[in-house]
There are 2 protein chains.
Amino acid sequence: MKDSKGQILKTSLLLFLQKGFKEVTMKEIVKSSGFSKGAFYHYFSSKEEVFKEVIDVYFSQMLHFDYNTLPSNSLQSFYKANLEILQNRDMILNSWYKETFEGDFPNNMYYILFDALRLLPEIKEQQTNRIQEELKAWEKVITNAMTTGEIKTRFSPKNLAKQFVYSSDGIAMHMIMISSSDKLFNEVKEIWDSLYESVKP
Amino acid sequence: MKDSKGQILKTSLLLFLQKGFKEVTMKEIVKSSGFSKGAFYHYFSSKEEVFKEVIDVYFSQMLHFDYNTLPSNSLQSFYKANLEILQNRDMILNSWYKETFEGDFPNNMYYILFDALRLLPEIKEQQTNRIQEELKAWEKVITNAMTTGEIKTRFSPKNLAKQFVYSSDGIAMHMIMISSSDKLFNEVKEIWDSLYESVKP
DNA sequence: TTGTTTAATCCGACTGTTCGGTATGTTTGT
DNA sequence: ACAAACATACCGAACAGTCGGATTAAACAA
């Protein structure tokens, strides 16, 4: 079985991550995925549709993960588990990229996210919910860690949750500007480690 | 005097902030600024050039400001001054926007920044330096605040500096996703206030 | 197995439109 | 009169999308 549609989808994801929706041409999608225009339009009705499917199939899943599966009994294991997910995601994308293209993967999660926010209005609500859930999950773990005595701090749980979440996004932003996303993991780790150190009793 | 060139530049900035370089057409630039193609090409040689000038004239100045002019004798006054700058920048852009367009200003600093990073290679180095300077400025103020006894913390100055800087960028990211940039200021204030509270002796 | 039909998959030349940019003019201020 | 400032009709290239047909695979019959 030759999952042609899947091939086109995967290639499109990588191209959109590189350059954004408008900058990627049909010619590129078709050529990079190794098919023809006819093949493409056999599986998709338009360029916009392949973008939609890319977001649904890959991107939404990449951003969203179930916090219930993460260890919530301790803040330390929770944030370490988050770090691992961050690292795995990057590894998978990188290996996919190297199957299709050459050179380093200029992973720009935000570029494709911005496009999705503009082109697909339902994404905005979806993202709002995602962020709420993420903050709530952190808040819950932090509240728990405070009652068990794992940590002790002047911060409110909500506030500390924001510090963990926002700092990682801020670092991601900076990494995009100066490239080198491999440093992202280490930088986030450093900040989260020290945040954790500062609230240990 | 009819600063036509300035008018075109300002309108272009607002359009690029809305939609990014590729998505803005010459037709839009020309129509929104109230001129004709002839007028545009009298002042600029290409679409790329007006983008370059927009970055040089407006955007670089918006991102870069001289930290020497900010009060550095106390961390508190330093971060409050930073907040003020944040607020002013937003106000100016909003009032400009309302002179030319209708509705709310979908300010997306990062969209235009990403485009600049791709289209103008020299911007990357410029940004790297900017970030270094920003972190250094915070670090210096924090070091000073530690010696004067204003604050007392387990964090290293560099680390605390990163927390201030990264958190604001992370918040900005989140605000773009869920719009409402007017909340940005309050959110950054909340985090910075509590960060400051946590390191007070 | 072999031949035949039918559907799925794939191809690439072609189309209408939009794009950034140009050529050639007209107006305006000095 | 003569630049500088603007307007507009127009151009070729690039774009997303279409179409008739070629190729392959699946289904069925002999």
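Here is the naming used below: chain letters follow the sequence lines, and residue numbers restart at 1 for every chain. These figures come from a predicted structure and were not determined experimentally.
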Nearest whole Å is fine: how far is [N] [atom2] from [X] [atom1]?
X: A:K31; N: D:dC15; atom1: NZ; atom2: P; answer: 13 Å
X: A:D3; N: C:dT9; atom1: CG; atom2: P; answer: 11 Å
X: B:Q7; N: D:dC6; atom1: CD; atom2: C1'; answer: 15 Å
X: A:H42; N: D:dG17; atom1: NE2; atom2: P; answer: 17 Å

Item to check | A:W192 and A:Y79 aromatic ring geometry - parallel, tilted or perpendicular at 30°/60° bounds | outcome: perpendicular
Checklist entry - Parallel under 30°, tilted from 30 to 60°, perpendicular over 60°: which one fits the rings of B:Y58 and B:W96? => result perpendicular
Item to check | Nucleic acid footprint by protein, nucleotides 11-22 of chain C - heavy-atom cut-off 4.0 Å, B for base, S for sugar-phosphate alone | outcome: BB------SBBB
Item to check | Sub-6.0 Å ring centroid separation between A:F51 and A:F16 | outcome: yes
Checklist entry - What do you reckon, are the aromatic ring centroids of A:F21 and A:Y111 less than 6.0 Å apart? => result no
Next on the checklist: Among residues at least two apart in sequence or on other chains, which ones pass side-chain hydrogen bond (donor to acceptor under 3.5 Å, both in side chains) with A:Q126?
Outcome noted: A:S60
Item to check | Audit row: A:Y43, A:F35, ring-ring contact (aromatic ring centres under 6.0 Å, His included) steps and yes/no | outcome: CA-CA 11 Å; A:Y43 294 107; A:F35 292 92; 7.4 Å; no
